[in-house]
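Encoded as C-alpha cells, the structure appears first; notes follow it.
Within every chain, numbering begins at 1; the chains are lettered A, B, ... in the order of the sequence lines, protein sequences first and strands thereafter.
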4 protein chains.
Amino acid sequence: MAIKNLQDLFSESLDETQLTAKQKAVLRASLKLFSDKGFDRTSTSDIAQLAGVSEGTVYKQFKTKDGILAAILGPFVQQVIPRAASEFSETITATTYPSFEEFLRTVIKNRIIFVIDNQRQLRIVLQEIITDNNMRQTFTKLIQELVSGPLGQAITHYQQAGLIVQWPVLRVFHYIAATIMSYAIPVALAGSSINTQKATDEAAEFLLKGLKP
Amino acid sequence: MAIKNLQDLFSESLDETQLTAKQKAVLRASLKLFSDKGFDRTSTSDIAQLAGVSEGTVYKQFKTKDGILAAILGPFVQQVIPRAASEFSETITATTYPSFEEFLRTVIKNRIIFVIDNQRQLRIVLQEIITDNNMRQTFTKLIQELVSGPLGQAITHYQQAGLIVQWPVLRVFHYIAATIMSYAIPVALAGSSINTQKATDEAAEFLLKGLKP
Amino acid sequence: MAIKNLQDLFSESLDETQLTAKQKAVLRASLKLFSDKGFDRTSTSDIAQLAGVSEGTVYKQFKTKDGILAAILGPFVQQVIPRAASEFSETITATTYPSFEEFLRTVIKNRIIFVIDNQRQLRIVLQEIITDNNMRQTFTKLIQELVSGPLGQAITHYQQAGLIVQWPVLRVFHYIAATIMSYAIPVALAGSSINTQKATDEAAEFLLKGLKP
Amino acid sequence: MAIKNLQDLFSESLDETQLTAKQKAVLRASLKLFSDKGFDRTSTSDIAQLAGVSEGTVYKQFKTKDGILAAILGPFVQQVIPRAASEFSETITATTYPSFEEFLRTVIKNRIIFVIDNQRQLRIVLQEIITDNNMRQTFTKLIQELVSGPLGQAITHYQQAGLIVQWPVLRVFHYIAATIMSYAIPVALAGSSINTQKATDEAAEFLLKGLKP
DNA sequence: GATGAATGAGGTTTCATTCAT
DNA sequence: GATGAATGAAACCTCATTCAT
C-alpha cells in the first residue's frame, strides 16, 4: 500500500548515524532496487540478498517494507524540499540576486544538481506519485505552498520590478519548472550524464527570452 | 515482468471488435485499475470483480496479466504514435502551415487533446517507463526517430525560413515538448480539467517568444 | 480421479459405429495425447485442439474426462482380454497344439502382435496401474483368473504330459510372461519396431530350455 | 513438466543432512504421496498437510514442485545406479565370482533387495518413464551404458569361459533382467512381501537352465 | 449436434512478516 | 543485534465442466 502521506515520513525521522552497518546496507540495497525495478517488483528477500544480510535483519530496524520506503524518502523530502524553500526565501528577503537572470541561473543550477544527486530517490518518488493517491495529493499541496510562498514571492518581486512578463505566477512557475525538467528528466530516467553549466546557460537563455516583458 | 517491448505489442493487434462484452469489460476495468492503482497493485481478482466476471474469464482471452497490459497499450502505441508521426509529416510536406505560429498551435492543440483523451493509458505507460528497462529503451528510440524524422524536418524548415532561432533541433524540440507537458502533466496525473483553447494560446505565446530568432 | 474399476468400463460399452466423425476424432486425439503425455498432463482443450473440434463437443458424447478414458480403455479390456482367455481355452480344450513348443510359439507371437497393435492403450493402462489403486487391484485379479483358469490348465496339461518342469503354475507363468515382456516393453515404451518372427523364435528357444523338465 | 534429465538431478545434490526436520518431513510426505497417487495427482497442499507444515515451507527449500521430485529422485539415481555399475565392475575385474551361478545369485539378490528398499522411488521413476520423454531417453541411455560396460563385459567373460550360451550380450541381459523383474514387479507395484532367498534360488535355477550352453 | 464463452474451484507459487535460536 | 526457518494469505493461473446460442 506504500506510504500514507509525507507527514508520516517526517515522524520517522530516523537518525542515520544510529544505524548499524548492516542496516545502512539494507537502505542502500533498497534504494538501488526500488529505483531500478520499482517498489512493488522488489521483494524483501531481494533486498536482503543484495545487502548481504538475513531477511530478519531487514525487519529489525524497519518494521515493514513500507518502513524502508519511508526511511529512504523521509530524509529526501525532509531535508531537501525545505532546503528548497529556505533557499528561495533567502533569495528574496535578502535580495541577494538583484537581476532576474542571476536568480534564474541559481535556481536552475541548484535544481539540476539536485536531480543529479538524487536520481534514484526521484525515480522512487515519481513511481509513488503515479500510483499512490496520497502521495499525489501531498506533492500537489507541496507545490502549491511553494508557489504561494517563497518562490511565488520571488516571481512577483521580479514582475513588480518590470523584469519579467506580467503573467500569473503559476503560469510563470510552470514554464520555469518545465524547462528545468526538460534537462532533468533524461538524467533522472535514463541516468545519462549532463554538463551542468551548459544546461544552465541554455535553460536560462530560453527562459529569459520567453519571459521577457 | 510486464511488457517486453513495443514490437510485441504490435504483434498482439487484437481486434477489439472481436471481443465479447465481458472481455471488453475486463479491458475497461483493467484500464481503470492499472491507471489508478498501478499495474502491480492491481490483482486479477480486482479486475474480475470490477468487470463483473469470473477470474477465469479474465484469463480466457488474455492469457496472462501482462497480456491484459499488452491489450491495453497495444492499440495505444499502435494507432496513436504513428498518427503523430504522419500528422507532422503532412504538416511539413504539404506546407499546410506557412507560419510557424500556426504550426505550433496545431501541434500543441493536438498533443493536449491527445493527452486528455488518453490520460489513463498515459499513466500506465509512464509507470512502465519508470520501472521497465525495455519500455524505457523503446520510448527513447521512439522519440529519437520522431526528432530525426518528420518533426525534426519541420523545425529545420522553419529555422531555414528564419522564423525561429538557430538552436540545435533537439534543443528546440525539448522546449516545445516541455511546455506542452507543463499543461499536460497536471491533467494526466491529477485528472484535472483544462481549457484546451486557452492552454494552446498560452503555450504558443510563450514558445513564440522563447524561440524567436 | 480416473477410472474406478474395469466393471465400469464394461458398462460403458459404447458402440463405436454410433459415434460421429468428430467424436471419433476426439477419441483418436485422446489416445495419442494420453499415451504421449499421460492422462493428467493432457487437458480437454488439448484434446479439442488436436481433434479439431470445440471443447463443448468433447463433452457431448463423453460426459467427463474420465469418460473419454473409459471409452478408450473399455473396448481394449472388453474385447481383447476376453479374447486372450478364449484363445487359451481353445488351445487346450481342442488340444490344437500337441507340442509345448507350438503352444508357446503361438502364445508368444499373439502377445507380441497384441502389444504392437495396442502400444498406446497399453501405455495408458500402465499409467493407471501405477497410479490408480482400483486399476491395480482389477488387473491383479484378472491375472489371477487367467492363471487359475485357461492358461493355468494349459500349463498343467503340459506338465502332466512331462513336457515341462514341475514348478508351480504361477512360477512358470511368470517366466513366460517376463520373457515376452522383455521383447514387448521396448516396443510399448519407446515405440521401437521389432521383427515378430525373430522375437518369437528367440523367446521360444530360451523358454524351452529354461522350462525343460 | 517434471524432470528434464538425470544430469539435472545430479547437480541438485542436496545434502540431506542439511535439511531441517520439517524439510525432511516434506520429502517423506512427497515420497509417499507421489508413489501412491502419482506426481500429477498430488497437490502441494496435500504434501503440506501430510508433512504437517505450511505450504510456504514446502517451497522454502524446494523452489518448485518439480524441485521436490528432483530432491527425491536425485539421491536415488545418484547413489544407487552408480553403485550398480561398480558392483558389476568389481565382479568381473576381481573375478570374485569364478562360477556363473555365484555371479548370477549375487546380481539377482542385490537387485531384489534394491527393489524392496526402493519401492516408492521406483514407482515414481516408472511413472516418469512412461509420461516423460526425457526421462525415457535418459534411462534408455543408462541401460545401454550398463550393457556395453561392466555388465556386458561380465557376460562376455562367462561366454568365453564356455559357461553360458553364445547369444548376443543384449539378449542375455534382457532375459536376466526380465526374470528378476518377474519377482520385483509384484513387490514394486503391489507392495507384496517376498522371500528374498527363495526368489534368488528360483530365479537362478531358471536362468541357469535357460542360459546353459 | 456443435460451438466456444463463461465459470469457479483448486493448483502452484510468491512474499511480507514473525519468532525461536 | 542477527539469523533464517517457518508461516499463511493472497497472488497468478489452469482446467474440467456447463450452457446459451
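A/Lys65 forms no cation-pi arrangement with A/Tyr59, by the criterion of a distance under 6.0 Å to the ring centre and an angle within 45° of the ring axis.
Note on B/Val58: nothing from the nucleic acid sits closer than 4.0 angstrom, heavy atoms only. If you check every strand for non-hydrogen atoms under 4.0 Å, D/Thr57 touches a base. If you check every strand for non-hydrogen atoms under 4.0 Å, D/Ser43 touches sugar and phosphate atoms only. Contacts of B/Glu55 with the nucleic acid, taken as non-hydrogen atoms under 4.0 Å apart, include base atoms. B/Lys60 comes within 4.0 angstrom of a nucleotide base, judged by non-hydrogen atoms across all strands.
The nearest whole Å value for the distance from the OH atom in B/Tyr59 to the C1' atom in F/dT14 is 10 Å. Residue C/Ile47 contributes atom CD1, which lies 16 Å from atom C1' of E/dG4 at whole-angstrom precision. In this structure, the CD atom of B/Gln49 is 14 Å from the P atom of E/dT7, given to the nearest Å. Rounded to whole Å, the distance from CZ on C/Arg41 to P on F/dA16 is 14 Å. For B/Lys65 and F/dC13, the NZ to P distance is 8 Å, given to the nearest whole Å.
Side-chain N/O atoms of D/Glu55 and D/Thr44 include a donor and acceptor closer than 3.5 Å. Side-chain polar atoms of A/Ser35 and A/Arg123 form no donor-acceptor pair below 3.5 angstrom.
Across every strand in view, F/dG8 sits in a pair with E/dC15 that passes the Watson-Crick or G-U test at under 3.5 angstrom. Summarising the base pairing, F/dA20 is matched to E/dT3 through a Watson-Crick or G-U wobble pair whose two defining distances lie under 3.5 Å.
Among the nucleotides E/dA2, E/dA16, F/dG8, the one closest to the side chain of D/Ser54 is F/dG8.
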(request) List the steps, then state whether side chain to side chain contact (heavy atoms under 4.5 Å, CB included) holds for B/Arg41 with B/Phe34. (result) CA-CA 8 Å; B/Arg41 291 172 196 179; B/Phe34 287 171; over 6 Å; no
